[in-house]
Each structure stands twice: as C-alpha cells, then as structure tokens.
Amino acid sequence: MNLVLMGPPGAGKGTQGEILSKRLGINTISTGVMLRTAIKEQTEIGKSVEKLINAGQLVPDDVMVELIKERLQKPDCANGFILDGFPRTTAQAEALTDSGVKIDKVLSLEVDDEKIVERLSSRRECSKCGAPYNVISNKPENEGKCDKCGGELIQRADDNLDTIKNRLNIYHEQTEPIKEYYKKAGLLVTAKGEERFEDTTRNVAKALGLEV
Ligand code: ADP
Ligand code: ZN
C-alpha cells in the first residue's frame, strides 16, 4: 500500500502514521522529520531550510521533490510506504504523479482550526527519535522522557502561536487544494481527527477499509 497522509499541522498525522506503519508493516516517510534531522545535522539542505521552517514557511517545491524522489527509491519503500508531509502543494502532487510513483490512497485527517492551535501548543516530540507526544492527550509514561528511547521530549521551534497561524493559512491556501486533485483521481478518503488519538485511529481504520 502506497499511502499519503494529509491534514493540517497537528491533525495527528505523525501519531496515526506510526500506528499505521506498525499495522501495515511499512515505513512512514515524514518530510518534517527528514528536514528537522537535516537541520540538526547541519547538512547543506538543513542549513538552507532552517529559517523557512522555523518561520512556518514552505520549503521550495524543487528541493522537496528531489528529496522525496530519492527517498522513495530506497529499498525499504519497495513494499509500500506512508507519506506524511508530502505532497504539500499541487505542484508537488503533480511532480509525484509524473515521477511514476503510484499512490493507492490519500487519507485526509480533518480537524477544525480552533482545535489545532490548542493542540499544537501542548505537542511535544522526542529529541532523539522524533516520536510524537502530547502533554494532554498522549502523555509519555515518564514525564519529559520518550517511551521508546528515553530521549528528552522537546517542543518544536515552529510550534509557537504566530508560526502556528501562519502554517494554518498556508495549509488552507496551498495544501488543501490537493484534496480536489486526489478526489478527481478517485483516491481521497477522509477521517475526523478526534480529541483522543484512539478515536482517530478507529476513524482512520474505517476510512481505509481496515478492520476496526
Ligand atoms: P506540520 O506539523 O506543519 O504538519 P511537518 O513536520 O510536516 O509539520 O513539517 C514542518 C515544516 O517542514 C513545514 O512547516 C514546512 O516548512 C516544511 N515542510 C515539510 N514538508 C514539506 C513539503 N512537502 N513542502 C514544503 N515544505 C515542507
Ligand atoms: Zn525517542
């Protein structure tokens, strides 16, 4: 299964992507994680995108398309993958189609804007492995520590109010039109993102026709 996960920032793509990865036995490719890793390691790409990302702006399409094309050619994607964070513009969606990558389904997680702001301010992630947490709805067993690797939980640089609003605007203006693109292709399914991630997981399973 080659799956695309869509939804506004904080909709739960990271959490649901991880759950689906385990369930379907395929990797989640998160462009956000890839880019933040590049920034941490101060690679060429990392240095060139750091300011944009911290301001909540999009990385240029050509950079993203190259990055993702290369990533999808790796052997761990041969049996399927879940894309989280790509495509994010119609141009990226078209480039993905043109590159010959076949997408089986596009799942859009739907969450209202008001909820997003609330959620993103309580969001945390592991500084080592990138696993997603939320201090209200998805707490780690030990406060401030990752359940998986013990890494320190941190707040992302782009999870502050101004940047959150900026990312939401960009989502509505540049990313949401992709839904129409994939709807026309007959690939779009939607699921409501709920307060509790378990409820979202159930909606996601239903939308994808998996056993609940
Ligand atoms: P979000 O919580 O906003 O969904 P992500 O972790 O997916 O965050 O992405 C973080 C940032 O990385 C985005 O705000 C954007 O700056 C950049 N980014 C990630 N994927 C893309 C993409 N496909 N195209 C352009 N920019 C991207
Ligand atoms: Zn971790």
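Note that the numbering runs from 1 along the sequence shown for the chain.
- Side chain of Asp159 to main chain of Ser121: no donor-acceptor pair is present (N/O by atom type, distance under 3.5 Å, no hydrogens or angles).
- Using modelled atom types, one side-chain atom of Asn160 and one backbone atom of Ala157 make a donor-acceptor pair closer than 3.5 Å.
- Between the side chains of Thr200 and Glu198, no donor-acceptor pair of N or O atoms lies under 3.5 Å.
- Considering only heavy atoms from C-beta on, Lys74 stays 4.5 Å or farther from Phe81 through its side chain.
- Between the side chain of Gln92 and the main chain of Arg88, a donor-acceptor pair closer than 3.5 Å is present.
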Q) Stepwise, does the side chain to side chain donor-acceptor pair (under 3.5 Å) test hold for Asp158 with Thr163? A) CA-CA 6 Å; Asp158 57 353; Thr163 311; over 6 Å; no
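- Annotation: side chain of Leu120 is in contact with side chain of Arg123 (closest heavy-atom distance under 4.5 Å).
- Hydrophobic cluster membership for Phe197: Ile19 (Ile, Leu, Val, Met, Phe, Trp, Tyr linked by side-chain heavy atoms under 4.5 Å, directly or transitively).
- Under the 4.0 Å criterion applied to side-chain N and carboxylate O atoms, Arg36 and Glu125 are assigned as salt-bridge partners.
- With hydrogens and angles disregarded, no donor-acceptor distance shorter than 3.5 Å links the side chain of Asp84 to the backbone of Leu5.
- Using a 4.0 Å cut-off between charged side-chain N and carboxylate O, Glu18 and Lys148 make a salt bridge.
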I'd like a table of donor-acceptor pairs (distance under 3.5 Å, sequence neighbours excluded) in which one partner is a side-chain atom from residues 94-107, with atom names and distances.
from: Thr97; atom 1: OG1; to: Ala93; atom 2: O; distance (Å): 3.1
from: Thr97; atom 1: OG1; to: Tyr181; atom 2: OH; distance (Å): 2.7
from: Ser99; atom 1: OG; to: Leu96; atom 2: O; distance (Å): 2.8
from: Lys102; atom 1: NZ; to: Asp104; atom 2: OD1; distance (Å): 2.8
from: Asp104; atom 1: OD2; to: Asn2; atom 2: N; distance (Å): 2.7

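- Looking only at distances, no side-chain donor or acceptor of Arg124 sits under 3.5 Å from a matching main-chain atom of Asn134.
- Between the side chain of Ser122 and the backbone N or O of Val135 there is no donor-acceptor pair closer than 3.5 Å.
- For the residue pair Ser108/Thr190, the side-chain donor-acceptor check at 3.5 Å is not satisfied.
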